[in-house]
Amino acid sequence: MATAASTRVPLSARGKDMAMFIYFVSHIPATMFMDLVPIYPSFLGPLIQPLLQFQDWYVETFRDPFMGDRSLIWFNTFLHCEALLQLPFFFFAAWSLYHNKRSIALWICVYSAHVITTVFPILTTLNLTKDENFPFAVSEGQKLFLNCLYTPWVLFPLWMLVESFQRVRTFEAAATQGGSKKKN
């Protein structure tokens, strides 16, 4: 006999989960082919030459001081966290959302808080650093573009944090109510 807990609602019928699923799945290639390129070992150079060229084009075109300045230790630390923590999590989160695993809500809370606290310093640095402290000139238009590029990576995780936290609270309330009914 199937229980309500084991009944699987298709992902296509869960709009918020679908949005999160697309977010995590789309981050896998973006992370592997863009974000992590600066920290790949040098012996991979010949294999990742097209990625390096794309990154050079991106930095030259959009003047992203973070992707363009390999000496920023704090930013490189964020990239290593992305490689070691976030990239594996993208697979786990996508799988869990696809299979409607309730436990993913808590993990998405943790992930979202982590992402917000890494992207917020990027936006703060971009907007409050004096131009002469960047490795190259960044025009106001380029700063605006970079703000538009980075800001969704605060807003969408903020939405996921609120949504997932509400789910955790709902699961917690249901478990508490279920426990009190058993005692009566």
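- Linking Ile, Leu, Val, Met, Phe, Trp and Tyr whenever their side-chain heavy atoms come within less than 4.5 Å leaves V168 and V110 in two separate clusters.
- Within 6.0 Å of CH2 on W159 lie more than 12 heavy atoms contributed by other residues, nucleotides or ligands.
- Residue H27 is tested with W153, F156, F33, Y111 for a ring-ring contact (aromatic ring centres under 6.0 Å, His included); the sole match is W153.
- When the shell of 6.0 Å around CG of L47 is examined, it contains more than 12 heavy atoms from other residues, nucleotides or ligands.
- No more than 12 heavy atoms of other residues, nucleotides or ligands sit less than 6.0 Å from atom CZ of R169.
- Hydrophobic cluster membership is shared by W107 and M160, with clusters built from Ile, Leu, Val, Met, Phe, Trp and Tyr side chains linked at under 4.5 angstrom.
- Screening I122, V59, L79, L146 for a side chain to side chain contact (heavy atoms under 4.5 Å, CB included) with F66, the sole residue that qualifies is I122.
- A donor-acceptor contact shorter than 3.5 Å is absent between the side chain of N133 and the backbone of T129.
- The main-chain N or O of A174 is never found under 3.5 Å from a side-chain atom of Q177 such that the two would form a donor-acceptor pair.
- Between N127 and N147, the shortest heavy-atom contact is ND2-OD1, 2.8 Å.
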Quiz item: Stepwise, does the side-chain hydrogen bond (donor to acceptor under 3.5 Å, both in side chains) test hold for Q86 with T31?
Solution: CA-CA 9 Å; Q86 293 182 31; T31 297; 5.9 Å; no
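- Within a 6.0 Å sphere centred on OH of Y58, other residues, nucleotides and ligands contribute more than 12 heavy atoms.
- Remark: side-chain polar atoms of T151 are not paired, donor with acceptor, to backbone N or O of C148 under 3.5 angstrom.
- Heavy atoms only, all atoms of each residue included: P157 and P152 are closest at CD-O, 3.5 Å.
- Note: F145 and F62 have parallel aromatic rings, judged against thresholds of 30 and 60 degrees for the angle between ring planes.
- Within a 6.0 Å radius of OH in Y150, more than 12 heavy atoms belonging to other residues, nucleotides or ligands are found.
- Salt bridge D64/K143: absent, no basic N to carboxylate O contact under 4.0 Å.
- Counting all heavy atoms, side chain and backbone alike, S164 lies closest to I108 at OG-CG2, 3.1 Å.
- Between the side chain of T118 and the backbone N or O of V115 there is at least one donor-acceptor pair closer than 3.5 Å.
- The side-chain tip of R63 does not point at the ring of F134 from less than 6.0 angstrom away and within 45° of straight on.
- No continuous path of hydrophobic side-chain contacts links I104 to L85 [ILVMFWY only; heavy atoms under 4.5 Å].
- Looking at R167, its side chain never comes within 3.5 Å of a backbone N or O of R102 through a donor-acceptor pair.
- Nearest approach of M32 to L51, heavy atoms of both residues: O-CD1, 4.5 Å.
- Minimum interatomic distance between V9 and R14 (heavy atoms only, all atoms of both residues): O-NE, 3.0 Å.
- The shortest heavy-atom contact between P65 and P135 is CB-CD, 4.0 Å.
- Between F89 and F24, the two ring planes are perpendicular [angle over 60°; tilted spans 30° to 60°].
- Placement of L52 and W57 within a single hydrophobic cluster is found when ILVMFWY residues are connected by side-chain heavy-atom separations under 4.5 Å, directly or transitively.
- Between F75 and F78, the two ring planes are perpendicular [angle over 60°; tilted spans 30° to 60°].
- Checked by atom type and distance alone, the side chain of N76 pairs as donor or acceptor with a backbone atom of R70 at under 3.5 Å.
- With hydrogens and angles disregarded, a donor-acceptor distance shorter than 3.5 Å links the side chain of S26 to the backbone of Y23.
- The residues K101 and D17 are annotated as not salt-bridged, no charged nitrogen and carboxylate oxygen being separated by less than 4.0 angstrom.
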